[in-house]
Amino acid sequence: MSHGPLPDRDDRASVAAGNGPAAAIDRGLAVLNSIIVVFAAIALVAACIILSYSVLSRALFKAANYWQDEAAVFLLVGATFMTAAYVQQNRGHIGIEAFVGLLSPFANKVRLWLVDAATFLFCAFFTWKSWTLAHEAYVDGQVSNSMWSPPLAIPYALMALGMSLLCLQILVQLALPFTGAKRP
């Protein structure tokens, strides 16, 4: 249980202040992430509309719905992975906060940096595998097993691109303490 702002969460929705390359990349990512969030919100609304249409058309008109579920899944995959960097930038991820109150501010900064480093290693591996999967799906012409048969390269590429943005965001956050840039 937490009472009051946490030391690693009090800079939500802020970008790095400074003139260095890491701060400039962080500001650029903030703009890009804001744009992506708008499109992700539209994708979520579209997925809701598609699924609602699917349910109504099936219940009322006994209509076939061979494309609706896959279209909604593609939109949800895109929205989820493409907004991962935004969530990371705002430290909106789920974290265990048992040690935050027990550690000094410096120890919390070190802890946060180490968590980001471990997260980067995992995400870098995931990104590499995602790009591999997207490339294989594109080269082999893989499609889903439905009647609609959309190319699987679409969701795999969205997953790979979103994970690449997440890795870039984590790298910037790892570099910021070494560049002298401060988060306001």
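The model shown is predicted, which means the values in this text are computed figures rather than measured ones.
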J.: Taking all heavy atoms of T127 and all of A160, pick out the closest pair and write down the distance.
T.: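 For T127 and A160, the tightest heavy-atom pair comes out as CG2-O, 4.2 Å.
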J.: Between C123 and L166, which heavy-atom pair has the shortest distance, and what is it?
T.: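 Taking every non-hydrogen atom into account, SG-CD2, 3.6 Å.
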J.: If you look at every heavy atom in V143 and P151, which pair is closest and at what distance?
T.: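 Closest heavy-atom pair between V143 and P151: CG1-CA, 4.1 Å.
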J.: Hey, are Q173 and D26 close enough side-chain-wise for a donor-acceptor pair under 3.5 Å?
T.: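 No pair is found: no donor N or O on one side chain lies under 3.5 Å from an acceptor on the other.
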J.: Any link between I154 and I36 through a network of hydrophobic side chains (Ile, Leu, Val, Met, Phe, Trp, Tyr) touching at under 4.5 Å?
T.: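 As far as the 4.5 Å side-chain criterion goes, I36 and I154 are connected within one cluster.
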J.: Between the side chains of R91 and D116, is the shortest nitrogen-to-carboxylate-oxygen separation below 4.0 Å, so that they form an ion pair?
T.: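 So D116 pairs with R91 through a salt bridge.
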J.: According to a hydrophobic-cluster definition based on side-chain heavy atoms being under 4.5 Å apart (Ile, Leu, Val, Met, Phe, Trp, Tyr only), do I25 and L32 belong together?
T.: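 Hydrophobic grouping puts I25 with L32.
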J.: Could you check whether the rings of W148 and F74 sit parallel, tilted or perpendicular, using 30° and 60° as the cut-offs?
T.: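 Tilted.
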J.: Examine L56 and F61 and state if one hydrophobic cluster contains both, with Ile, Leu, Val, Met, Phe, Trp and Tyr joined whenever side-chain heavy atoms are less than 4.5 Å apart.
T.: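 In one cluster: yes.
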J.: Could you state whether F125 and L114 fall into the same hydrophobic cluster, counting links through intermediate Ile, Leu, Val, Met, Phe, Trp or Tyr residues with side-chain heavy atoms under 4.5 angstrom apart?
T.: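 As far as the 4.5 Å side-chain criterion goes, L114 and F125 are not connected within one cluster.
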J.: Rounded to the nearest 0.5 Å, how far does CD of Q89 lie from CG of L29?
T.: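 Between L29 CG and Q89 CD, I get 6.5 Å after rounding to 0.5 Å.
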J.: If you compare all heavy atoms of A22 against all heavy atoms of L176, which two are closest, and at what distance to 0.1 Å?
T.: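 It is CB-CD2, 3.8 Å.
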J.: Going by heavy atoms in the side chains, are E70 and P150 under 4.5 Å from each other?
T.: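 A side-chain contact exists here, since the closest heavy-atom pair is under 4.5 Å.
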J.: Less than 4.5 Å apart, any side-chain heavy atom of Q142 and any of Y156?
T.: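 A side-chain contact under 4.5 Å exists here.
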J.: I'd like to know whether CG of N145 has more than 12 heavy-atom contacts from other residues, nucleotides or ligands below 6.0 angstrom.
T.: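 Open.
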J.: Which pair of non-hydrogen atoms, one from T80 and one from T83, has the smallest distance, and what is that distance?
T.: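 Scanning both residues, the minimum pair turns out to be O-OG1, 3.3 Å.
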J.: Ignoring hydrogens, what is the shortest heavy-atom contact between N33 and Q169? Give both atom names and the distance.
T.: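 Reported closest heavy-atom pair: ND2-OE1, 3.6 Å.
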J.: I want to check something: taking the side chain as every heavy atom from C-beta on, are L174 and F120 in contact at a cut-off of under 4.5 Å?
T.: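 Side-chain contact under 4.5 Å: yes.
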J.: Would you check if there is a donor-acceptor pair between the side chains of S164 and W131 at a distance under 3.5 Å?
T.: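 Note: W131 and S164 side chains meet the donor-acceptor criterion.
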J.: Are L152 and W67 grouped together when hydrophobic residues (ILVMFWY) are joined by side-chain heavy atoms under 4.5 angstrom apart?
T.: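 L152 does not cluster with W67.
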